[in-house]
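In what follows, a structure is listed as structure tokens, so that the remarks can point back to it.
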Amino acid sequence: MAVYTAHGEKCYICTRPVDFQSMQVDHIIPETLLDNADVLAKVLKIFNLPESFKIDSYENWMPCCGPCNNKKKARVFGPTPLIQAPAAMRR
């Protein structure tokens, strides 16, 4: 429920509203990497995450609709820069 409400009750991939009953919790960094330590280490380094990062923790969970979760499966998203306008410009 915390993952669902903290992220606005919508799928983090398509941004459409998703109801709690059908929502799936997606691992941003896929759980399948737990079986491949070398690839996991590379992914953690790309995202500047510590080796101690827990894949099965709330920090790695996002609400997702079934179709988006099925499309993503075990894919690892590439990092992208986030550019934000200063707060004064957003008013």
Side-chain angles (χ1 to χ4, degrees):
M1 183 62 128
V3 171
Y4 178 69
T5 56
H7 296 284
E9 301 174 4
K10 56 187 170 183
C11 173
Y12 85 103
I13 294 175
C14 70
T15 70
R16 291 186 191 125
V18 62
D19 65 275
F20 183 71
Q21 297 295 330
S22 65
M23 177 203 73
Q24 298 177 9
V25 175
D26 179 51
H27 291 78
I28 300 167
I29 297 174
E31 275 184 303
T32 57
L33 295 183
L34 291 172
D35 297 331
N36 192 332
D38 292 337
V39 174
L40 176 58
K42 288 177 187 175
V43 169
L44 293 179
K45 186 173 182 172
I46 288 169
F47 288 99
N48 199 30
L49 294 168
E51 291 178 14
S52 61
F53 182 80
K54 304 288 185 204
I55 285 182
D56 203 19
S57 72
Y58 70 91
E59 296 169 312
N60 194 39
W61 297 339
M62 293 293 273
C64 199
C65 67
C68 286
N69 201 15
N70 287 333
K71 280 184 193 176
K72 178 186 172 275
K73 296 191 182 210
R75 289 186 181 103
V76 176
F77 293 127
T80 59
L82 178 63
I83 300 170
Q84 297 182 353
M89 292 180 67
R90 288 182 273 181
R91 292 185 187 143

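Gln24 pairs by the side chain to side chain donor-acceptor pair (under 3.5 Å) definition with Asn69, not counting sequence neighbours. A search for side chain to side chain donor-acceptor pair (under 3.5 Å) contacts involving Tyr4 returns nothing, not counting sequence neighbours. Qualifying side chain to side chain contact (heavy atoms under 4.5 Å, CB included) partners for Ala2, counting only residues two or more places apart in sequence or in other chains: none. Looking at residues two or more places apart in sequence or on another chain, you find a salt bridge (charged side-chain N to carboxylate O under 4.0 Å, His left out) between Lys72 and Asp26.
Residue pairs meeting the salt bridge (charged side-chain N to carboxylate O under 4.0 Å, His left out) criterion with at least one member in residues 3-25: none, sequence neighbours excluded. Here salt bridge (charged side-chain N to carboxylate O under 4.0 Å, His left out) pairs that include residues 48-61, with residues two or more places apart or in two chains, number zero.
Val25 and Ile13 fall into different hydrophobic clusters, where Ile, Leu, Val, Met, Phe, Trp and Tyr residues are linked whenever their side-chain heavy atoms come under 4.5 Å apart, directly or through other members. Taken together through direct or relayed side-chain contacts under 4.5 Å among Ile, Leu, Val, Met, Phe, Trp and Tyr, Phe77 and Ile55 form parts of separate hydrophobic clusters. No continuous path of ILVMFWY side-chain contacts below 4.5 Å connects Tyr12 to Phe20, so the two sit in separate hydrophobic clusters.
Once rounded to the nearest 0.5 Å, the distance linking NE2 of His7 with CE of Met23 reads 10.0 Å.
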Report, one line per pair, each donor and acceptor closer than 3.5 Å where one atom sits in a side chain of residues 33-50; sequence neighbours left out.
unit_1	atom_1	unit_2	atom_2	d
Asn36	OD1	Val39	N	3.3

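Side-chain contact between Val18 and Ser22 is present, with at least one heavy-atom pair separated by less than 4.5 Å.
The two residues Cys68 and Cys14 have their closest heavy-atom pair at SG-CB, 3.6 Å.
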TODO: Please lay out, stage by stage, how Ile28 and Trp61 fare under the test side chain to side chain contact (heavy atoms under 4.5 Å, CB included).
DONE: CA-CA 6 Å; Ile28 300 167; Trp61 297 339; over 6 Å; no
